[in-house]
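Report on the following structure.
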Number of protein chains: 2
Amino acid sequence: MSQLISLRERKRTETWVALHAAAAELTLAHGPENVPVEEIAARANVSQRTFFNYFSTKEDAILGLQEPFIDEVWLDGFSVDHDLLEQTSRLLMAVVHSTEGGEPSASRRIEVVRNYPHLRQRRFSYFLRVEQLVKDAVAERIAESPRWQSAAGRHSADETARMVVLVAGAPMRYAFQESINEPTIDNQYLALEGATALLREVLEEIR
Amino acid sequence: MSQLISLRERKRTETWVALHAAAAELTLAHGPENVPVEEIAARANVSQRTFFNYFSTKEDAILGLQEPFIDEVWLDGFSVDHDLLEQTSRLLMAVVHSTEGGEPSASRRIEVVRNYPHLRQRRFSYFLRVEQLVKDAVAERIAESPRWQSAAGRHSADETARMVVLVAGAPMRYAFQESINEPTIDNQYLALEGATALLREVLEEIR
DNA sequence: GAGAAAGATTGCAGCCGCTGCAAGTTTGCA
DNA sequence: TGCAAACTTGCAGCGGCTGCAATCTTTCTC
């Protein structure tokens, strides 16, 4: 009864973490090009073959990326009729935050991403998958909302949701970049606050 | 006097085109995984080694990507005081359009991108570089504009420009996706028109 | 128009990321 | 305790990509 999760499962996440940590640390020390997968695996006490059972790519290991998912809980207070922009923005952030893992790895990841543009790109293209996931969730809600059915007119829920996510994603992209440029801002949520405000200002001004 | 460009230069772009064409065609025929670089090079009558003198990556060759740049001409009518959103959007499109080359390769590229998600991601991350380029151009203009100096208040020109590009980039990302989903729309400019309109509607509704 | 300089192409040898397979080991469950 | 499912591992191999040094082609200069 003490073990809510099986030994197997525990072991698995353990080596996952070990591999990610090893990959990130070695990368920070020597640069991604100078760190063979073999070395990463060795540092985590597994074979090279096992490494590729956990990550399909060396870059994924360095960044500690895993399949994004949406926890139903995050959708609890979610209403498309109120502050849709900010809510969607937060939902995006929640997904990224959960799959990227908070913990000490956060600052490590930021430093990695800051130093190596190639990895930055990888992270952004990971964000694309997240956006798609969120888009589907939002589209579903919009489709159910009476308000949007009349309002959005000739556009489908999916089309509208896609655009909403694109706009709502802007603060998050911005926050990504901000955390790269502004090392002192560790907490990306902070950057996100500022970005959302800035977004509103820009939209106001652009009108 | 007949040769405004040197023979060397002509030859170079010739084999560039040949390589890109070979890569794209073979990919459409057999899928990117089943097309070794050796085969692409052979079809373009060059050695494999030469291939890598032209493209740093097989994927780049398939998509025909090259370093993005901003032609000064495109900035002629550009004013940050009027329709900034649409103008920036068009600037983004101009850059992408010029570097991706119009010609017959356009429809080929769309098909490639539609069929292979991995290449789609590559194209998107290419778009990131374009955005950064455009951001710098816009930031410069904003910095010079009296209107923005008073308006944007506590944000720097660079910050503001970054956000503007992010929002203005939304229709373009949307158009990318649209051209993927809606095969009949060959001309991405058309998709862009619709996307910009949709963006305005969404912004209106979201308020 | 000859010869030097600059640029492009090529083969070769080799590193390393990544994969499929088949055998071995560990964990979960009845 | 014994079987099934999950996980690890070694091995052999493909193929993308690189540096290097030799050769060939275009351009420049006088």
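Within every chain, numbering begins at 1; the chains are lettered A, B, ... in the order of the sequence lines, protein sequences first and strands thereafter. Atoms considered below: every heavy atom in the structure, side chains included; atoms not considered: hydrogens, waters and symmetry mates. Given the structure is predicted, the values throughout are model-derived calculations rather than measurements.
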Exercise for the section: May I have the step-by-step check of side-chain contact (heavy atoms from CB on, under 4.5 Å) for A:Leu91 and A:Leu75, ending in yes or no? Expected result: CA-CA 8 Å; A:Leu91 183 52; A:Leu75 289 169; 3.8 Å; yes
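Using a cutoff of 4.0 Å between basic side-chain nitrogens and carboxylate oxygens, A:Arg90 and A:Glu86 are scored as salt-bridged.
Proximity note for A:Phe52 (side chain, C-beta onward) versus C:dG17, D:dT25, C:dG28: the nearest is C:dG17. Among D:dT8, C:dT27, D:dT26, the nucleotide with an atom closest to any side-chain atom of B:Leu7 is D:dT26.
A sub-4.0 Å separation between OP1 or OP2 of C:dT27 and a side-chain N or O of A:Ser6 is absent. Residue B:Lys11 has a polar side-chain atom (N or O) positioned under 4.0 Å from OP1 or OP2 of D:dT26.
Considering only heavy atoms from C-beta on, B:Glu131 comes within 4.5 Å of B:Phe127 through its side chain. Looking at heavy atoms from C-beta onward, B:Thr27 lies out of side-chain contact with B:Ile40 at the 4.5 angstrom threshold. Between B:Phe78 and B:Val138, the closest side-chain pair of non-hydrogen atoms falls below 4.5 Å. By the 4.5 Å heavy-atom criterion applied to side chains, B:Tyr54 and B:Val46 are not counted as neighbours. Between A:Leu63 and A:Val113, some side-chain heavy-atom pair lies under the 4.5 Å cut-off. Put simply, the side chain of B:Asp71 does not reach to within 4.5 Å of the side chain of B:Ser98, judged on heavy atoms. Annotation: side chain of B:Lys135 is in contact with side chain of B:Asp158 (closest heavy-atom distance under 4.5 Å). With a 4.5 Å cut-off on side-chain heavy atoms, A:Glu59 and A:Gln121 do not count as touching.
Across the interface with DNA chain C, nearest-nucleotide mapping of B:Thr15 and A:Pro32 shows B:Thr15 to be the residue nearer the 5′ end.
For the pair A:Arg162 and B:Tyr174, the distance from NZ or CZ to the six-membered ring centre is under 6.0 Å and the angle to the ring normal is within 45 degrees.
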Detail all sub-3.5 Å separations between protein N/O atoms and N/O atoms belonging to nucleotides 1-4 of chain D.
none

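For the pair B:Leu26 CG and D:dG16 P, the interatomic distance rounds to 12 Å; values are reported in whole Å. For B:Glu9 and C:dA6, the CD to P distance is 19 Å, given to the nearest whole Å. For the pair A:His30 NE2 and C:dC16 P, the interatomic distance rounds to 14 Å; values are reported in whole Å. The nearest whole Å value for the distance from the CD atom in B:Glu14 to the P atom in D:dT26 is 12 Å. Taking atom CD on A:Glu33 and atom P on C:dC16, their separation rounds to 11 Å, with Å as the unit. Summarising the geometry, the separation between CH2 on B:Trp16 and P on C:dT9 is reported as 15 Å, rounded to the nearest angstrom.
Residues from residues 53-62 of chain B placing a heavy atom under 4.0 Å of any atom in DNA chain C, listed by number, are B:Asn53, B:Tyr54. Residues of residues 37-51 of chain A having a heavy atom closer than 4.0 Å to DNA chain D, listed by number: A:Val46, A:Ser47, A:Arg49, A:Thr50.
The side chain to side chain donor-acceptor pair (under 3.5 Å) search around A:Arg129 returns A:Glu67, not counting sequence neighbours. Among residues two or more places apart in sequence or in another chain, the side chain to side chain donor-acceptor pair (under 3.5 Å) test is passed with B:Tyr126 by B:Thr99.
When the local axes at the two ends of the helix from C:dG1-D:dC30 to C:dA30-D:dT1 are compared, using 5 base pairs at each end, they differ in direction by 30° after rounding to 10°.
Atom CD of B:Gln132 sits in a sparse spot, with 12 or fewer heavy atoms from other residues, nucleotides or ligands closer than 6.0 Å.
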